[in-house]
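See below for the structure under consideration.
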Amino acid sequence: MQAPDQGPDDAAGGDEGHGTPGDAGGPDGPAGHEGPGRGDEGEAGAAACEAPQAAQALQAPIPGGNTVQGPGDQAASERSGERSGEAGPAAGGSFAVPFPSSVAAEVARRSLASRVQFQDGAVRKELIVSGNMLKIRLTAEDPAQLQISVNSCLEQLSLLVRTVQSFVPPFFAKPK
Amino acid sequence: MPAVLGFEGSANKIGVGVVRDGKVLANPRRTYVTPPGTGFLPGDTARHHRAVILDLLQEALTEAGLTSQDIDCIAYTKGPGMGAPLVSVAVVARTVAQLWNKPLLGVNHCIGHIEMGRLITGATNPTVLYVSGGNTQVIAYSEHRYRIFGETIDIAVGNCLDRFARVLKISNDPSPGYNIEQMAKRGKKLVELPYTVKGMDVSFSGILSFIEDVAQRMLVTGECTPEDLCFSLQETVFAMLVEITERAMAHCGSQEALIVGGVGCNMRLQEMMETMCQERGARLFATDERFCIDNGAMIAQAGWEMFRAGHRTPLSDSGVTQRYRTDEVEVTWRD
């Protein structure tokens with residue numbers, strides 16, 4: 001899914017850029033608009049594991065009553081008639097990340113939150129803190145964009161965890 | 001005596017700087033360099049930034065001799081730039097701002113360049129030529145805004161140079177523009193290229209298309225060398241920039257010109273601008289590669305000015321944006 005090496009003044013970008021026509025993202029929406037990262041799920045998962053418990057990927061129904069596929073579940077998408085690019089039921093996924101405390105989870109939520117924009121094909125990201133858990137839910141009409149956004153979210157989460165570990169070590173002290 | 005920490009990572013350079021009361025206390029930087037013939041993609045660039053930013057942050061604090069408690073404000077590049085790299089840097093800025101309980105400031109990248117240029121050179125009220133891989137603007141300050149008098153209507157001049165470097169497979173280390181400059185010094189023949197100034201604005205995409213085509217034909221036949229093409233491209237695009245800068249200076253009655261942005265490091269451009277300024281009885285100001293090229297200290301400096309003027313960016317509004325015009329910011333820190 002790697003975007004081709006396009007010229008720098010298009011959506012994949014090359015230089016600083018004024019921002020280019022066709023950049024459907026505006027503010028820090030999901031990286032799906034620029035081209036996918038190669039998925040640092042392993043790194044993100046490992047980083048999250050450094051917190052007391054590992055992140056768990058969940059599938060959950062979303063409003064609208066349609067079955068939600070996780071990213072990459074193309075066969076199921078085809079069976080249910082959902083295809084990338086067609087207006088139809090959204091795809092979504094959610095996962096929950098435990099933190100040592102609700103304060104830590106709230107720091108993470110605020111660091112990862114971005115203004116939610118509703119555009120055709122955009123990915124909607126919801127962050128909810130419940131106790132010491134940060135619950136992240138991503139939904140999109142395009143499963144490919146959803147996959148990109150999940151990768152991006154995990155990469156940002158990994159960076160956030162490393163930042164906290166590097167600059168406030170006591171923050172992640174394991175509970176007794 | 002506020003000390004401001006600045007994060008910059010809108011393109012392929014990532015920098016973390018510390019500024020306090022007009023002094024740059026630290027300014028480490030890393031550049032994501034891709035193989036010859038290629039550019040840098042947002043996802044890969046963001047991955048590079050994520051891998052080094054925390055080391056850079058520690059390096060900046062150590063070099064400045066400060067701890068988190070000594071920092072008064074966290075500034076970061078809000079835009080313009082590439083989305084994924086901007087987001088990666090913003091995540092770190094937001095996180096440390098919360099961990100250290102410091103106010104956050106989103107800074108316009110272009111204004112960062114201008115404020116650093118003013119600080120380093122001491123220029124009072126110059127006409128600014130901002131030239132880089134992503135931006136080409138002629139700017140002058142008026143009534144609390146940095147007004148854009150002229151700009152590129154398509155690609156930035158640095159983008160034109162960088163993409164031509166790819167055609168010739170010129171190395172991107174340390175930067176394609178630098179290597180084009182060195183090759184241009186050995187050029188002997190001026191190849192005529194389109195000259196596209198449109199009033200106060202400029203256009204480079206047609207020149208790029210033309211020279212890409214010319215390169216294919218003339219290099220094969222031996223009519224010119226790669227050095228000749230580098231020389232010809234520089235002479236043409238830089239002359240265009242000098243023209244629109246002079247036009248803005250005439251309009252504003254300005255006696256100072258300031259070059260900022262990565263392309264501003266180019267000595268030939270500085271030489272041509274100096275000639276124009278001398279003919280007008282004006283002064284030219286320019287910085288060296290420490291501050292011309294994207295760096296964290298310039299964001300810290302702009303953040304310092306904004307912080308003292310009372311600007312703050314709430315966490316809820318601390319996103320990034322790929323499109324952020326220079327004149328969107330109200331410059332309350334200047335009269």
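Here is the naming used below: chain letters follow the sequence lines, and residue numbers restart at 1 for every chain.
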- Message: For the OG atom of S111(A) and the CG atom of L99(B), what is their distance to the nearest 0.5 Å?
- Response: 7.0 Å
- Contact class of L54(B) relative to chain A, heavy atoms under 4.5 angstrom: both
- More than 12 non-hydrogen atoms from neighbouring residues, nucleotides or ligands closer than 6.0 Å to OH on Y178(B), yes or no? no
- Message: Need one label for T95(B): side chain, backbone, both or neither, based on atoms under 4.5 Å from any heavy atom in chain A.
- Response: both
- Item | Minimum-distance pair of heavy atoms, taken over all atoms of V87(B) and Q156(A) | CG1-NE2, 3.3 Å
- For the residue pair Q98(B) and V107(A), what are the closest heavy atoms and their distance? NE2-O, 3.1 Å
- Exceeds 12 heavy-atom contacts within 6.0 angstrom, atom NZ of K102(B): yes
- Item | L57(B) and T163(A), any side-chain heavy atoms less than 4.5 Å apart | no
- Message: Would you say that R47(B) contacts E155(A) through its side chain, given a criterion of any heavy-atom pair below 4.5 Å between the two side chains?
- Response: yes
